[in-house]
Number of protein chains: 2
Amino acid sequence: MSGRFSKKTADSSPQRVLAAFKVGVDNVIFSVDTTLNRVLVLLVMRQQEPYLGQWCLPGTLVRQGETLEDAAYRILDEKIRVKNLYLEQLYTFGNPRQERGVPASPSVRYLSVSYFALVQFEAAELIADGVSGIAWYPLDQVPLLAFDQNRILQYGHRRLCNKLEYSPVAFDVLPEVFTLNDLYQLYTTILGENFSDYSNFRSRLLKLGFLQDTGVKVSRGAGRPASLYRFDANAFAPLKDKPLVFI
Amino acid sequence: MSGRFSKKTADSSPQRVLAAFKVGVDNVIFSVDTTLNRVLVLLVMRQQEPYLGQWCLPGTLVRQGETLEDAAYRILDEKIRVKNLYLEQLYTFGNPRQERGVPASPSVRYLSVSYFALVQFEAAELIADGVSGIAWYPLDQVPLLAFDQNRILQYGHRRLCNKLEYSPVAFDVLPEVFTLNDLYQLYTTILGENFSDYSNFRSRLLKLGFLQDTGVKVSRGAGRPASLYRFDANAFAPLKDKPLVFI
């Protein structure tokens with residue numbers, strides 16, 4: 001920051017002129033359909049040029065007097081109803097060649113600050129007011145997105161996988177009670193087959209000590225009845241700031 | 001992004017006018033003095049108003065035609081000579097009330113994209129050309145920084161601690177060969193006393209299998225000679241994308 005008002009930045013040679021920006025927020029909102037075992041991402045269809053009719057991440061440009069987070073929540077409030085939506089900043093993309101999304105002046109650059117959330121599929125309700133399309137798009141079927149947003153989505157997917165490995169985020173999207181197999185299936189859906197074998201996964205999770213056996217068993221199909229567990233937030237609390245691996 | 005050209009954003013009521021931004025980059029560059037066991041951060045002294053004479057993170061405003069990363073590397077190239085400087089994006093701060101750092105127009109907001117790096121103390125050479133002050137500041141003695149940058153520094157420090165817990169970043173700042181006690185001391189310097197007891201730390205690190213015993217022993221003080229190890233990048237390669245905890 002020391003150079004901000006120095007002779008150098010005051011120099012008027014073209015390469016030293018400060019760039020002017022509009023700033024947008026783009027949200028990567030994931031969900032997991034635990035019935036069909038699919039990772040889903042929230043997409044909306046553009047109803048203006050450019051990229052008319054193409055899918056994109058739900059985003060908006062930041063208005064005067066509005067924080068980045070305000071803008072991100074504002075646009076999501078119009079698209080989805082969900083309790084306890086917690087957005088986490090993902091990454092800021094700002095390439096001088098990617099000055100799309102801002103109309104008119106070619107001298108104004110566009111910067112995208114992306115946000116991430118994982119929400120519970122059953123509890124989230126889409127709002128289709130005033131959009132020509134909105135969808136929980138299966139991640140493996142996402143088409144080419146407007147504004148080259150696939151790289152933002154890809155970055156968000158990496159974050160999702162990392163969070164699953166290092167944090168108890170899975171319990172935000174599972175029902176309140178679940179079998180260890182449900183939990184394993186959720187991990188497999190997001191991280192892919194063979195991320196870990198079931199028995200290692202099971203013993204590691206149980207060893208961490210925050211899965212509480214409810215004493216209730218459930219029968220599914222032909223196998224023997226499986227115990228239902230719940231995530232014990234109190235037991236997890238002392239572990240919260242410790243480095244942990246979940247898989 | 002769907003709403004960017006909608007009727008809503010075209011509405012001219014004051015709260016719907018898009019914000020105009022200048023974008024700056026601020027670098028949080030850490031180093032560790034392994035002799036004196038101190039965490040250091042690179043600061044420069046401001047030589048203009050506002051905040052004349054106060055310390056701040058080395059940063060700059062982004063120029064036309066320049067990527068965010070280009071700007072971050074440009075300002076660092078003027079301040080420090082170090083091999084293999086690898087900047088990682090930290091966080092983007094942009095509050096409508098924090099419109100400092102940009103002169104003139106009160107209608108132009110300032111957004112700070114921060115970058116992070118950990119560099120080897122002995123290999124990094126400060127460049128004092130054209131600054132009124134530059135320093136490797138001990139982290140525990142950092143004063144109030146210009147532009148409220150202490151919160152950026154704090155965020156950077158959290159990232160540093162996380163990286164130490166989950167990645168082999170320590171081996172970037174240690175000498176090529178080191179004792180397990182050197183490694184433990186580095187962790188203690190950054191994470192604080194009692195982050196782990198020595199014998200647990202030692203056995204966990206050895207178990208991970210990428211510390212190669214050089215067969216050479218070194219005597220320091222009165223204790224018995226300690227083995228010198230080196231980080232074995234080949235042994236670490238297959239673990240690179242696996243979730244690991246180092247402490």
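Here the structure is a predicted model, which is why all the values come from computation and not from measurement.
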Is there side-chain contact between A/Pro58 and A/Leu76, with at least one heavy-atom pair below 4.5 Å? yes

What's the spacing between A/Thr60 OG1 and A/Lys79 NZ if we round to 0.5 Å? 8.5 Å

How about A/Tyr51 and A/Phe147: are their ring centres within less than 6.0 Å of each other? yes

Should B/Thr92 and A/Gln89 count as side-chain neighbours, where that means a heavy-atom distance under 4.5 Å? yes

Winner by heavy-atom pair count (cut-off under 4.5 Å) against chain B, out of A/Ala19, A/Ala71, A/Ser132: A/Ala19

Output the distance between atom CZ (A/Arg63) and atom CZ (B/Arg16), rounded to the nearest 0.5 Å. 5.0 Å

Are there residues of residues 189-204 of chain A whose heavy atoms fall under 4.5 Å of chain B's heavy atoms? If so, which? none

Applying ring-ring contact (aromatic ring centres under 6.0 Å, His included) to A/Tyr137 and not counting sequence neighbours gives A/Trp55

Output for pair (A/Glu125 CD, A/Ile127 CD1), nearest 0.5 Å, gives 7.0 Å

In terms of side-chain heavy atoms, does B/Ser112 have a donor or acceptor partner in B/Asp26 at a distance below 3.5 Å? yes

In this structure, CG of B/Leu43 is separated from SG of B/Cys56 (nearest 0.5 Å) by 7.5 Å

With respect to chain A, which residue among B/Asn27, B/Leu90, B/Ile247, B/Val62 yields the maximal number of heavy-atom pairs within a distance under 4.5 Å? B/Val62

Residues of residues 160-167 of chain B with any heavy atom under 4.5 Å of a heavy atom in chain A: B/Glu165, B/Tyr166

Portion of B/Val113 that has a non-hydrogen atom of chain A nearer than 4.5 angstrom: side chain

Decide if the gap between the ring center of A/Phe246 and the ring center of A/Phe210 is smaller than 6.0 angstrom. yes

Please list all pairs meeting salt bridge (charged side-chain N to carboxylate O under 4.0 Å, His left out) that have one or both residues in residues 152-162 of chain A, counting only residues at least two apart or in different chains. A/Glu88-A/Arg159

